[in-house]
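This report refers to the structure that appears directly beneath it.
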There are 2 protein chains.
Amino acid sequence: MPTCYDLNHIVNTKRMDWHTLIESQGFLEFIPGDLRKVTERRNIAAGEMLFRAGSSVCYLYCLLSGEVRLVRHDASGGRIVLQRSRGGFIAEASIDSKTYHCDAVAAENTRLLCFPLSEFLHALEGNAHFRTMWMALLAREVRKLRTRCERLSLHNAGERIVHYLESEGADGVLTLSQSRKAWAEELGLSHEALYRTLKKLAGQGRLKIEGKTISLLRSSDYQY
Amino acid sequence: MPTCYDLNHIVNTKRMDWHTLIESQGFLEFIPGDLRKVTERRNIAAGEMLFRAGSSVCYLYCLLSGEVRLVRHDASGGRIVLQRSRGGFIAEASIDSKTYHCDAVAAENTRLLCFPLSEFLHALEGNAHFRTMWMALLAREVRKLRTRCERLSLHNAGERIVHYLESEGADGVLTLSQSRKAWAEELGLSHEALYRTLKKLAGQGRLKIEGKTISLLRSSDYQY
DNA sequence: CGTACTTTTGAATCGCATCAAATCTGGTGG
DNA sequence: CCACCAGATTTGATGCGATTCAAAAGTACG
């Protein structure tokens, strides 16, 4: 397994689709050599299963591209999506569990990194710097998710867009790294609603749209 | 300052309003004595400010009761709520920042614990057990928040309720620890919509409501 | 026993999802 | 280079469902 090479390659070329790792001050770069050596790369096809509820936790997964869904089934066959993940660590919470509490299924062809859990924990114990990065990563993830929940609680397309620009953008200016359709999904809107609301807000002079760059013009008065 | 006493008192009597701390295997109990000794208790009135954007990070706060909002202002006076917090740690992400990036204002009368940041970091460095608890707490928080985001992305009151019961309940059975009105807010619904949808689902035989306990009956067929 | 809050039901409105269809875009291969 | 295709973007029309406003009944608490 060309694991160590692969990981370095990913870090050095930055040819990953996942932004979070890079954004978070290049977390992958802080992975200690010992852990790197045993980290594996894996591709799974759409529909394939990554792990199953009840099976024991052996790996911590980091999603590089594609989509994985964490799904829970109930007795009568109901199916609940607990999480759709398009990047980042999957089921970090399973770190302190013996077995997985849900299934993980690939929704598309997916590339991931597999960290053997015991080695990962060992690295956290033994490497203060790595540990600090890991805690910072988790803490930042918590902040981002809380902000996203807050945004999804807004009952209005315009408010969600403005909230996004205010919270994710730099001073109200944001350059999309994704398609607007994908953005709509992140905002919990249909893509049509997003297009229309963007147009409306632009028509009201509330924001300016130049290709993938969107700027908030004046947010003082809330008149959606 | 009767800090150490207070903290023990809180832990021993469990008379806090915040469930998460207790739920998360009694995190407070794992706080090392050194940190306990310098932990302060604070009450702030509704409208009072806890910290201000740009001010340096001196404390890590843990909300015991009340509500604190993290708010960001833009140049033109726009006001965006990044987070409404009704319990748990506030702005953990500020752990790795020199200054706060938003304001924190109490929305109600609020009780909190104030951990001096340097002591907290010191405790994390020096106490492996405490550190493990902290990482587990963060990881579990991430999982909960991701699940909540997933739920808030559902465009349908019935689906959100079922999702909540499936993901937060034990085998589809859940006893509410809060009012239904508060639950509605957590679900991102108006309380009227929650009451009505509960009634509808009960009428369809999809769930059973006995006071504060709600059970999912059959979730195999999605007919909301 | 009064006050504040939750729970409940009703009615009206409006925004968003949904379905449909046309145009535009980037990327692929002939 | 062009034809082609899949996907994104855009606009239109329609209907449902949730919000909102309103008001009454129930409940907790001092």
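Each chain gets a letter, A, B and so on, in the order the sequences are listed, and its residues count up from 1. As the structure is a prediction and not an experimental result, all values here were calculated from the model.
The side chain of B/N156 has D/dA18 as its nearest neighbour among D/dA18, C/dA17, D/dT9. For A/K199, whose side chain is taken as the heavy atoms from C-beta onward, the closest listed nucleotide among D/dT9, D/dT11, C/dT7 is D/dT11. Distance from the side chain of B/L189 is smallest to D/dT19 among C/dC19, C/dC16, D/dT19. Of the candidate nucleotides C/dG10, D/dT11, D/dT9, D/dT11 has the atom nearest to the side chain of A/E192.
A/E185 has its CD atom 12 Å from the P atom of C/dT18, to the nearest Å. Atom C1' of nucleotide C/dT23 and atom NZ of A/K181 are separated by 15 Å, given to the nearest angstrom. The distance between atom CD of B/E159 and atom P of C/dA17, rounded to the nearest whole Å, is 13 Å. Protein atom CD of A/Q178 is 15 Å distant from nucleotide atom C1' of D/dT9, rounded to whole Å. With rounding to whole Å, A/W183 atom CH2 is found 12 Å from D/dT10 atom P. The distance from atom NE2 of A/H155 to atom P of D/dA18 is 11 Å, rounded to the nearest whole Å. Summarising the geometry, the separation between CG on A/L194 and P on D/dT10 is reported as 9 Å, rounded to the nearest angstrom. The CD-P distance, from B/E108 to C/dC5, rounds to 11 Å in whole Å.
Checked by distance alone, B/R180 brings no side-chain donor or acceptor within 3.5 Å of a matching partner on the base of D/dT27. With hydrogens and angles left out, the side chain of A/R196 and the base of D/dG12 share a donor-acceptor pair within 3.5 Å.
A centroid separation of 6.0 Å or more is found between the aromatic rings of A/W183 and A/Y195.
A parallel orientation is assigned to the rings of A/Y61 and A/F51, their planes being inclined by less than 30° (bins at 30° and 60°).
At the phosphate of D/dT10, neither OP1 nor OP2 sits under 4.0 Å from any side-chain N or O atom of A/Y195.
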Inset, instruction - Run the numbers on B/T175 and B/T213 for side chain to side chain donor-acceptor pair (under 3.5 Å), then give the verdict. - result: CA-CA 4 Å; B/T175 301; B/T213 298; 3.0 Å; yes
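In this structure, A/A157 and B/H191 both approach DNA chain C, and ranking their closest nucleotides by distance from the 5' end singles out B/H191.
A/R143 places no side-chain N or O within donor-acceptor distance of the main-chain N or O of B/A91, the cut-off being under 3.5 Å.
Taking a cutoff of 4.0 Å between a charged side-chain nitrogen and a carboxylate oxygen, A/E185 and A/R86 do not qualify as a salt bridge.
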